[in-house]
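The structure under discussion appears below in the form of structure tokens.
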Amino acid sequence: MDEEHLETESFEPVGLVLGSEPTTTQEFRVVLGEDQYLQLDDLVVVKTPVPKVGEVTTYGIVTETFARYEGTAFESDTRRVAVEGTFPAEKSRTATVQIVRVSPEIWIAPDSGGEVYRATGEERERAMYVDEMRTSERDRALPVGLTRDGEPVWVDVDFFDGTKGAHMSISGVSGVATKTSYALFFLRCLTSHPEILGRSARNLRVLIFNVKGEDLLFLDKPNNQFNDEASEMWHRLGMDPGPFPSVSFWAPTQEEGIPKSSARVKGISAFRWTPREFVDDRLLTFLFTDTQDTRQQLTFVAERVIRQLERFARDVQGVPGAIVLRDPQSDDSDVTKPVVPHGGERVIKDLYDLIEGIGEFLEPEDGNEGDFAWTGRVAGGTVAAFMRRLRGSLGRVGRLVAAGESRRIDRAREAVTVVDIHDLHEAAQRFVVGALISEVHREKEGKGRFPLSVIVLDELNKYAPREGWSPIKDTLVDMAQRGRSLGVILIGAQQSASRIEPDVLANAALRVSGRLDAAEAERSEYGWMLPSTRARARLLKPGTMVLSQPSIPAPTMLTFPYPPWATRPEEVAEDSDPFEGI
Amino acid sequence: MRISVQAWSPEYGGEIEMGALEASVEQVKTDCETTKWGPIVPRYSGGLLEAPVAFVDGTRRIDARLFVSDARPAPVAGLAGSVGAGSVLCTPSSGLAHGRAEIDQLRIDRVLAVGGGTSVALTAGEVLNYRGLPVPGESVEELTYAVHDTMRNLEALLAQELADQGRLVFVDGPLAVMRPGPQRIVGFIKAHHRRYLEADEEAVLGRLGCGERTPLFSFGEPRPRYSWYVRLCELDDDDHDWHGLVRCEAPAALELDDVVSLADVSALLLVRFASLPHWDKRAPQNLVPVAGLERRLRHLLGDRELVFRMIKDGAKRSSRPSAVGA
């Protein structure tokens, strides 16, 4: 938009406040000038002289537009007006405007006939409350997308970093809603603007789970499809487009030290836990993440077993990460020192050993009842079910636990940690997610807010479903409720917000939605949308999202640019780094 | 035997005021176009059919009845009336362009018609000024006529202006108040109160097909006019023979050939603009553009209740002792 155009645009009213029906403090309509137009999401401003107060400025957003032949009463009149030319009627075009702000805060309806202007420049920023996000002392307005007319949309970072609120919830149909893409774009906005994030940007750690496909495994590679047009959009948001500068990639261990990843060979590390880490991190919890488990009392048994493992586990001399289970009452040696296994004592080097080791206490071979200290006196059937479940998880989770040098995921290595779990069985996915988020949670407990930790989790409905209880859900709910003060921020994505635990959803200060299923859009979880937004949510194209934030009383429609990082192996720019890994 | 229910809504009277159909007192000449009376199928094919055509109509409303008291022994009756006249310009479709009907002119006049030749103006609001209109008589009928004439004059003025610009103009009502020169102004009359033709010629009216017209006849001293009838619609089995007829008038100052053309053009055009029974209460005679114009004009006269209240307030203000001297 050239300057001259801009000037005429802001000085000429787009229309007048409609006077044939009353205006309210929430809504009014604009009769458009003959050579003017307004489209959905346009921001407008109208000034109203108010007795004893002076001038009140009303800002609003266009939520619907209308056109009709004024004075026609019959449907057939349309033909008379438009084709036959027998009936005189004037075309009338109007737009409904939802009021988003009045300044000063004198809540009056704008006067009929008032001149309505497009909100541009400073007026536009005021309509979007940017002046409140950006004071002379601190700028908290983070650009996080562009409106249809190519102008920035801002988010009040206070509502993301925990100052006033935290967490983001992204909903939308799989495939077209571009939920993960937006989450990544948002993260890039966060990390590209240290001047706005301030303290929150320092040592910011991001944990991303790659749940589907392998599209997050190339965040550090330039995208060969990236073009000038996309670049221009990035620049308009005040960012130099580029791949994420600091990312570590992790995939489950295939064989010792070799990650199981077909898409990415170089620059990806294998992860797993040693039996010692498994016991210390109480990871057994995350083998019982099915919501059915609570009902069957299996989690009760698991609690006992975890406590006993902590008491019994002893490091094994010469075998790093391995343990033996030794009753502390029958052995009075220093528990911190590794031990030499007795003859016949089971050295636990992997999950199989561990499960069998536990089995020795729960289902002794002599056919006696299990050790009460381990079983907690539950019925024999429950113990059997517990062991069955443990053995069942062996095939799914087994390769994630093995003795040897520590290969746990090092989230401190780079700013962004991508953990690829797409190839794992759902139970194993839950195990990894549970293990890592509880690790983050534990780490931040009692340490203060900074540095911030961000967790990006797609398919949140699997981890924090509306119904039932699981240890992961428990952690996520706690994170959602206290994350603000803990400095743990959750960016959760899901197809349908209605299937998410309400506590998790309610605590997300920022809500984003891509295209929604028609039935889903009608649910109360999307009450933050305007009726017109809901209707449009079914039609959103990839790359277009609706954003709601506490600072602005109306949702904002935004687009975000194509990523400069690759999302598929084919997109990786050839010449990015030929010597990588050498 | 047939029973025909009149198409017009009863509140508008009838297209033929049966009992009141009076014989014309005027001298009617029926041989100006032809002596062989019968339905005429229009043959005109000139440029007038492609050119924009203007429809002129007016509306009037009595806003308030009032009395003016002055030095005379008894108060004098007056009427506050609002009149409006306007025009619609209808451009026929040509080639790919669709036809267009646009409101061209809209004029509003407000008068305070007061009997006994009294001239009083009244300011009822910033945009609500009634100019004085002295009326010699004192009866309500005379006052009402004066308001009506104001509208007719407004219409006539507008029609003449448009005709001077070269437009073909159709004006609602007879050309009686107009003194048109050789201008292409056609008056069209929706309802029939007078009988102009003798029985033989009158019989032709019942035989007119849709879009057909009668031959020309002329009458009217001191304001001579040509006239003819046009049928605007097809007849149904239960329609009476005179259903859907309009009578047209054209100034006698025009050449006869021109009037014949105008008559043909009117037959061709008016059918195109005729309204349908479900659409208008005076179909088919109330033409579509005229109905649209009328609606707009009535709207422009302002809200009746509001205007009445403003007149009352205005009268009160102007009657205050302080205002009298001013």
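A note on names: the letters A, B, ... follow the listed sequences, proteins ahead of strands, and every chain is numbered from 1. Everything numeric here is computed off the predicted structure, so don't read it as measured data.
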Residue pair [X] / [Y], side-chain donor-acceptor N/O under 3.5 Å:
X	Y	result
B:Arg247	B:Ser227	yes
B:Asn129	B:Thr123	yes
B:Ser82	B:Asp63	yes

>> What part of A:Phe74 gets within 4.5 angstrom of chain B, counting heavy atoms only: side chain, backbone, both, or neither?
In response: side chain
> By a 4.5 Å heavy-atom criterion (distance strictly below it), what part of A:Val81 contacts chain B: side chain, backbone, both, or neither?
Replying inline: backbone
> Any side-chain heavy atom of B:Val88 within less than 4.5 Å of one from A:Phe87?
Replying inline: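 They are not in side-chain contact.
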>> Parallel, tilted or perpendicular: which one describes the rings of B:Phe55 and B:Phe170, with boundaries at 30° and 60°?
In response: parallel
> What distance separates B:Arg213 CZ from B:Leu268 CG, expressed to the nearest 0.5 Å?
Replying inline: 9.5 Å
> When rounded to the nearest 0.5 angstrom, what distance separates CG in A:Leu32 from CG in A:Leu16?
Replying inline: 9.5 Å
>> Let's test your reading of the structure: which of A:Gly71, A:Ala82, A:Gly85 forms the most heavy-atom pairs below 4.5 Å with chain B?
In response: A:Gly85
> Under the side-chain contact (heavy atoms from CB on, under 4.5 Å) criterion, do A:Leu18 and A:Val30 qualify, and how do the steps go?
Replying inline: CA-CA 5 Å; A:Leu18 180 77; A:Val30 186; over 6 Å; no
Report the donor-acceptor contacts between chain B and chain A below 3.5 Å as a table, one pair per row.
unit_1, atom_1, unit_2, atom_2, d
B:Gly99, N, A:Val83, O, 2.8
B:Trp279, NE1, A:Asp77, OD1, 2.4
B:Arg295, NH1, A:Gly71, O, 2.9
B:Arg296, NH1, A:Glu90, OE2, 3.3
B:Arg296, NH2, A:Glu90, OE2, 3.4

>> At a 4.5 Å cut-off on heavy atoms, which part of B:Leu276 comes close to chain A: side chain, backbone, both, or neither?
In response: side chain
